[in-house]
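As structure tokens, the structure follows; a few thoughts come after it.
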Number of protein chains: 2
Amino acid sequence: MSSDVENDRIFKALAASTRRSILDLLKDDPQTTGELCTRFPALDRCTVMQHLKVLEEADLIIVRREGRERWNHLNPLPIKHIHDRWIGPYAAYATEVLDRLKTDLE
Amino acid sequence: MSSDVENDRIFKALAASTRRSILDLLKDDPQTTGELCTRFPALDRCTVMQHLKVLEEADLIIVRREGRERWNHLNPLPIKHIHDRWIGPYAAYATEVLDRLKTDLE
DNA sequence: TTGACATGTTATGTTTTTATAACATAATTG
DNA sequence: CAATTATGTTATAAAAACATAACATGTCAA
């Protein structure tokens, strides 16, 4: 499925909260690099771009260039594979039930 | 569901390949700390224990003490929540189909 | 074609993480 | 109870990641 090196890139990419926020912003709609930068006023533009590069190298975002713009899309597949690695087809149902039970109790 | 701080602990915990391997070993059966140490002959015992501490603080493993032994169990819930964060109920099906398609093509 | 806009590259200081060593406690077993 | 086994704590050097600055390229529109 994914090599160890690829996997390492994915998890290291997810380890920074800024990068997770970027993925949140991309969850529903793709965004240009510039748009994303305005969403993080506290961060330097270069910092956001460095994060985007890490996400792209991890294949967590897919990039399309259009003229001078760059559109960033979320790629959900690596995230699904995280789930599948530790929660097999059988455990998936049990985990789902456990989750609901726990949420209902809270 | 999970606070930002908790989330950060979870993703940082998953960022190290040794810790992911530990979770792999715990996927099917719980193991004592000592057993886990023998599975990583290249690593110092202290290193493995430090990793276990990080995993426990992230709630990715649940610990039960029995006498002088310590049994480490995998907790799948935080991993399920990673999936749910970026792959909503609707996208889940589409992602599943996309994954099968891609796997079949390879 | 020139100025403005959107994006990209390289280098660097600061902070975290990783791996280890040295030391310490606590529960079994002979 | 003494030796052994299993686990836990604190401190530290080396490696990696995060944020930034300075510099550079490519595209569009007047």
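Below, chain A is the first sequence line, B the second, and so on; all start at residue 1.
- Electrostatic pairing of B:R9 and B:D59 does not count as a salt bridge here, judged by no charged N lying under 4.0 Å from a carboxylate O.
- Backbone-only engagement by B:A16 is indicated by non-hydrogen atom pairs under 4.0 Å involving sugar-phosphate atoms exclusively.
- Map A:G67 and A:A42 each onto its nearest nucleotide of DNA chain D; the residue landing nearer the 5' end is A:A42.
- Salt bridge B:K102/B:E106: present, at least one basic N to carboxylate O contact under 4.0 Å.
- Taking 3.5 Å as the limit, the base of D:dT5 and the side chain of B:R68 contain a donor-acceptor pair of atoms between them.
- One can place CZ of A:R64 at 19 Å from C1' of C:dA6, the figure rounded to the nearest angstrom.
- Taking 4.0 angstrom as the limit, A:T47 places none of its side-chain polar atoms (N or O) nearer than this to OP1 or OP2 of D:dC18.
- Minimum atom distance to the side chain of B:R19 is reached by C:dT18, of the listed D:dA22, C:dA21, C:dT18.
- As rounded to whole Å, 11 Å separates atom P of D:dA16 from atom CG of A:D8.
- Residue A:E66 contributes atom CD, which lies 17 Å from atom C1' of C:dC5 at whole-angstrom precision.
- Nearest nucleotide to the side chain of B:T33, out of D:dG8, D:dA17, D:dA22: D:dG8.
- Here the side chains of B:R45 and B:Q50 are not in contact, with every heavy-atom distance at 4.5 Å or above.
- Side-chain nitrogen and oxygen atoms of A:R70 include none within less than 4.0 Å of the OP1 or OP2 phosphate oxygen of C:dA6.
- In this structure, CG of B:D44 is placed 8 Å from C1' of C:dA21, rounded to the nearest angstrom.
- Remark on DNA chain C: of its neighbouring residues A:Q50 and B:E69, the 5'-side contact belongs to A:Q50, judged by nearest-heavy-atom nucleotide.
- Side chains of B:S21 and B:F40 form a contact here, defined as non-hydrogen atoms less than 4.5 Å apart.
- Regarding contacts with the backbone of D:dA19, a side-chain N or O of A:H51 is found under 4.0 angstrom from either OP1 or OP2.
- In this structure, CG of A:L14 is placed 14 Å from P of D:dA17, rounded to the nearest angstrom.
- As a whole-Å value, the separation of B:I22 CD1 from C:dT18 C1' is 13 Å.
- One finds no side-chain N or O of B:R45 lying less than 4.0 angstrom from the OP1 or OP2 phosphate oxygen of D:dT7.
- Of the candidate nucleotides D:dT7, C:dT20, C:dG8, C:dG8 has the atom lying nearest to any side-chain atom of A:M49.
- Side-chain contact check for B:E96 versus B:R100: some heavy-atom pair is nearer than 4.5 Å.
- Proximity of A:R65 to the phosphate of C:dG8: a side-chain N or O atom is located under 4.0 Å from OP1 or OP2.
- With a 4.5 Å cut-off on side-chain heavy atoms, B:N75 and B:L60 do not count as touching.
- The distance between atom CZ of A:F40 and atom C1' of D:dT20, rounded to the nearest whole Å, is 17 Å.
- Taking 4.5 Å as the limit, some side-chain heavy atom of B:W86 sits within range of a side-chain heavy atom of A:R20.
- Here B:R70 pairs with B:E56 in a salt bridge; the nearest charged N to carboxylate O distance falls below 4.0 Å.
- A heavy atom lying under 4.0 Å from DNA chain D marks none of the residues of residues 52-61 of chain B.
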